[in-house]
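Data first, discussion second: the structure below is written as structure tokens.
Because the structure is predicted, anything quoted here is derived from the model rather than measured. The sequence lines fix the lettering, A, B, ..., with proteins before strands; numbering per chain opens at 1.
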Protein chains: 2
Amino acid sequence: MNKFMLIYNQMVDKIETGEYPPSTLLPSENELKDSFQTSRETIRKALNLLSQNGYIQKIRGKGSVVIDITKMNLPVSGLVSFKELAEKMGREPITTVHELSLIHPDRELTSHLNPHAKDLIWKVVRTREIGGEKVILDKDYLLKSAVPTLTKEVCEDSIYSYIENKLGLQISFAKKEILIEEPTEEDHSFLDIDGFHNVVVIRSQVFLEDASLFQYTESRHRPDKFRFVDFARRRPTV
Amino acid sequence: MNKFMLIYNQMVDKIETGEYPPSTLLPSENELKDSFQTSRETIRKALNLLSQNGYIQKIRGKGSVVIDITKMNLPVSGLVSFKELAEKMGREPITTVHELSLIHPDRELTSHLNPHAKDLIWKVVRTREIGGEKVILDKDYLLKSAVPTLTKEVCEDSIYSYIENKLGLQISFAKKEILIEEPTEEDHSFLDIDGFHNVVVIRSQVFLEDASLFQYTESRHRPDKFRFVDFARRRPTV
DNA sequence: CAGTGGTCTAGACCACCGA
DNA sequence: CGGTGGTCTAGACCACTGT
């Protein structure tokens with residue numbers, strides 16, 4: 001692990017356990033540099049990570065203030081798999097695989113996934129059950145050229161974990177779009193959605209570390225179970 | 001302007017104009033260092049900004065790939081005022097101020113805004129009209145201690161611009177939460193919402209550069225006009 | 001004024017990629 | 001093997017804050 005990452009993780013711990021309480025100042029960069037026996041730029045990398053993730057606010061001439069995260073909710077934002085998310089929330093999720101097949105892309109899918117001429121595509125349809133109700137319908141499309149094999153068991157567990165841990169691929173970033181739509185026939189047949197007039201649709205393109213697009217996902221949520229939190233800085237942290 | 005910011009802006013231009021085309025490699029950090037007559041760390045700051053904002057993907061041992069932004073949509077994500085947003089989309093927005101008053105906080109508002117004992121709060125209720133329809137209802141609450149005066153004209157233009165340009169305050173970050181709710185009486189009376197069964201509610205806490213909370217906003221959107229795009233990296237850029 | 005964070009530099013070593 | 005980006009260092013100067 002990198003030095004700045006170790007320092008970052010230690011400081012996250014100290015903030016979350018209250019050793020660095022909210023609204024107080026962290027030790028100065030020079031003090032941290034000495035106590036961690038490193039250079040100031042390395043300390044600054046760790047502090048910038050803390051800043052990006054909403055733990056501190058740096059103020060020139062004063063110091064770094066610890067931000068109160070009590071009501072900050074969990075950082076759902078970013079790129080998190082359903083399983084990681086459900087586990088963070090302490091729920092035991094149930095995933096049901098309704099379809100797992102290899103298809104040829106139609107025109108619409110081609111526009112989202114940019115496959116090569118004869119690429120086959122994995123199509124995976126799953127529902128997610130929380131508290132006894134099916135509230136999420138996920139339709140994933142993955143390039144077979146990137147993910148040669150895929151099984152029902154993998155889809156019931158976590159495709160992300162399979163890709164990163166078993167295949168050794170690195171997922172690097174995603175573009176997402178969140179919209180509200182009316183439920184389709186498919187939503188009605190797969191989800192417990194009676195009495196709801198809208199679904200939240202999240203369309204994502206997911207990219208590997210070489211910037212190649214390998215997955216397109218449409219995730220359809222019952223609106224009462226949807227929640228998205230976001231921490232946004234107005235100016236960049238460098 | 002900082003050197004790395006100048007370099008960043010120039011490179012954004014070159015990417016957006018196609019001088020650095022999608023899926024090609026940028027010049028290496030050493031080449032950029034020479035051509036911009038600077039140090040490699042400064043180049044790296046600019047490249048990290050490009051990476052954070054979805055313009056490039058850095059690949060160790062190879063170089064920095066330009067990401068295809070053609071379908072990338074505008075970066076709506078982050079902290080952008082309604083006016084900035086509408087102008088980016090080329091629409092002429094109409095803002096109507098329905099209420100501008102000073103109130104004492106009730107218990108719920110206190111929990112969102114943490115005012116001091118006798119702080120008064122500006123309450124601003126506005127609707128946003130696009131294409132002849134009222135589609136957004138904004139309810140803003142601002143600490144009078146941070147914003148001493150507020151006029152109808154300012155609220156019709158942009159409160160953010162007033163705060164940053166006239167008052168000289170720096171808005172630094174926001175925590176947001178996006179939820180789907182059923183329309184209230186108030187939604188029905190202020191918005192053109194007949195036939196819609198849900199509204200998208202964005203609750204935000206906005207903070208100044210000294211990490212002090214000064215604004216709480218509830219922004220209620222008609223679901224058909226709501227769209228949120230997001231670019232998320234799985235690993236930090238440092 | 002001393003102390004804080006912000007920027008910039010020059011140099012070093014490393015892990016990784018492709019020829 | 002040379003070139004790429006990733007990390008780390010030590011030092012310098014700056015702008016800003018408080019006393």
Side-chain angles (χ1 to χ4, degrees), chain A residues 1-9 11 20 23-52 55-67 168-170 172-173 208-212 233-238, chain B residues 1-9 11 20 23-52 55-67 168-170 172-173 208-212 233-238:
Chain A
M1 179 91 65
N2 312 327
K3 197 178 283 195
F4 71 82
M5 212 55 188
L6 285 169
I7 297 172
Y8 167 76
N9 287 328
M11 299 192 74
Y20 294 146
S23 304
T24 63
L25 290 176
L26 291 184
S28 76
E29 295 181 352
N30 277 312
E31 289 167 349
L32 290 168
K33 167 194 66 141
D34 294 338
S35 71
F36 282 105
Q37 304 231 37
T38 180
S39 70
R40 199 179 141 217
E41 285 292 348
T42 298
I43 291 295
R44 284 178 56 74
K45 281 190 183 178
L47 293 185
N48 283 337
L49 271 188
L50 291 171
S51 168
Q52 283 172 33
Y55 286 103
I56 65 170
Q57 169 72 10
K58 307 176 96 186
I59 307 176
R60 187 201 303 235
K62 290 178 75 172
S64 298
V65 187
V66 178
I67 295 177
L169 298 173
Q170 287 286 339
S172 84
F173 63 92
L208 297 174
E209 208 168 30
D210 63 353
S212 67
R233 289 205 168 267
R234 190 154 171 85
R235 286 164 217 297
T237 60
V238 278
Chain B
M1 180 89 66
N2 311 328
K3 196 178 283 194
F4 70 82
M5 213 54 188
L6 286 169
I7 297 172
Y8 166 76
N9 286 329
M11 299 192 74
Y20 294 146
S23 304
T24 63
L25 290 177
L26 290 184
S28 75
E29 295 181 353
N30 278 312
E31 289 167 348
L32 290 169
K33 167 194 68 148
D34 294 338
S35 72
F36 282 105
Q37 304 231 37
T38 180
S39 70
R40 198 180 142 217
E41 285 292 347
T42 299
I43 291 294
R44 284 178 56 75
K45 281 190 183 178
L47 293 185
N48 282 338
L49 271 188
L50 290 171
S51 169
Q52 283 172 34
Y55 286 104
I56 65 171
Q57 170 72 9
K58 307 177 94 184
I59 306 175
R60 190 203 302 237
K62 290 178 74 173
S64 297
V65 187
V66 179
I67 294 177
L169 298 173
Q170 288 286 342
S172 82
F173 63 91
L208 297 175
E209 209 169 28
D210 63 354
S212 68
R233 289 205 167 268
R234 192 156 171 83
R235 287 165 217 297
T237 61
V238 277

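Applying the 4.0 Å criterion to OP1 and OP2 of C:dT9, one finds that B:T42 has a side-chain N or O inside that range. Residue B:T38 has a polar side-chain atom (N or O) positioned under 4.0 Å from OP1 or OP2 of C:dT9. Using a 4.0 Å cut-off, some side-chain N or O of A:S28 falls inside it from OP1 or OP2 of C:dT4. Within the structure, every side-chain polar atom (N or O) of A:K3 is placed at least 4.0 Å from both OP1 and OP2 of D:dG6.
Going from atom NZ of B:K58 over to atom P of C:dC17 covers 16 Å, rounded to whole Å. With rounding to whole Å, A:I7 atom CD1 is found 13 Å from D:dT7 atom P. Atom C1' of nucleotide D:dT4 and atom CD of B:Q57 are separated by 14 Å, given to the nearest angstrom. The interatomic distance linking B:E29 (CD) with D:dT7 (C1') rounds to 12 Å, in whole Å. Between the CG atom of B:L25 and the P atom of D:dG3 there is a distance of 16 Å, given to the nearest Å. Here D:dG6 presents its P atom at 13 Å from CG of B:L32, a figure rounded to the nearest Å. Counting to the nearest Å, the C1' atom of D:dG11 and the CZ atom of A:R44 are 14 Å from each other. Rounded to an integer number of Å, the gap from CG of B:L26 to C1' of D:dG3 is 16 Å.
Where B:N30 and A:F4 each meet DNA chain D at their nearest nucleotide, the meeting point lying more 5' is that of B:N30. Map A:M1 and B:E31 each onto its nearest nucleotide of DNA chain D; the residue landing nearer the 5' end is B:E31.
Looking at B:V65 and B:I56, their side chains never come closer than 4.5 Å, going by heavy atoms from C-beta outward. You'll find the side chain of B:M1 reaches within 4.5 Å of the side chain of B:N9, heavy atoms only. Put simply, the side chain of B:R235 reaches to within 4.5 Å of the side chain of A:Q170, judged on heavy atoms. The side-chain heavy atoms of A:L26 and A:E31, taken from C-beta on, include no pair separated by under 4.5 Å. Taking 4.5 Å as the limit, some side-chain heavy atom of A:F173 sits within range of a side-chain heavy atom of B:I67.
Considering all non-hydrogen atoms of both residues, A:A46 and A:I7 come closest at CB-CG2, 3.8 Å.
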With the criterion being N/O to N/O and under 3.5 Å, what pairs connect the protein with nucleotides 13-19 of chain D, and how long is each?
unit_1 : atom_1 : unit_2 : atom_2 : d
D:dA15 : O4'    : A:R60  : NH1    : 3.3

Practice task
Evaluate side-chain hydrogen bond (donor to acceptor under 3.5 Å, both in side chains) for A:N30 paired with A:S28, printing each intermediate quantity in order.
Solution key: CA-CA 5 Å; A:N30 277 312; A:S28 76; 5.2 Å; no

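Of all nucleotides listed (C:dT9, D:dG5, C:dC8), C:dC8 comes nearest to the side chain of B:N2.
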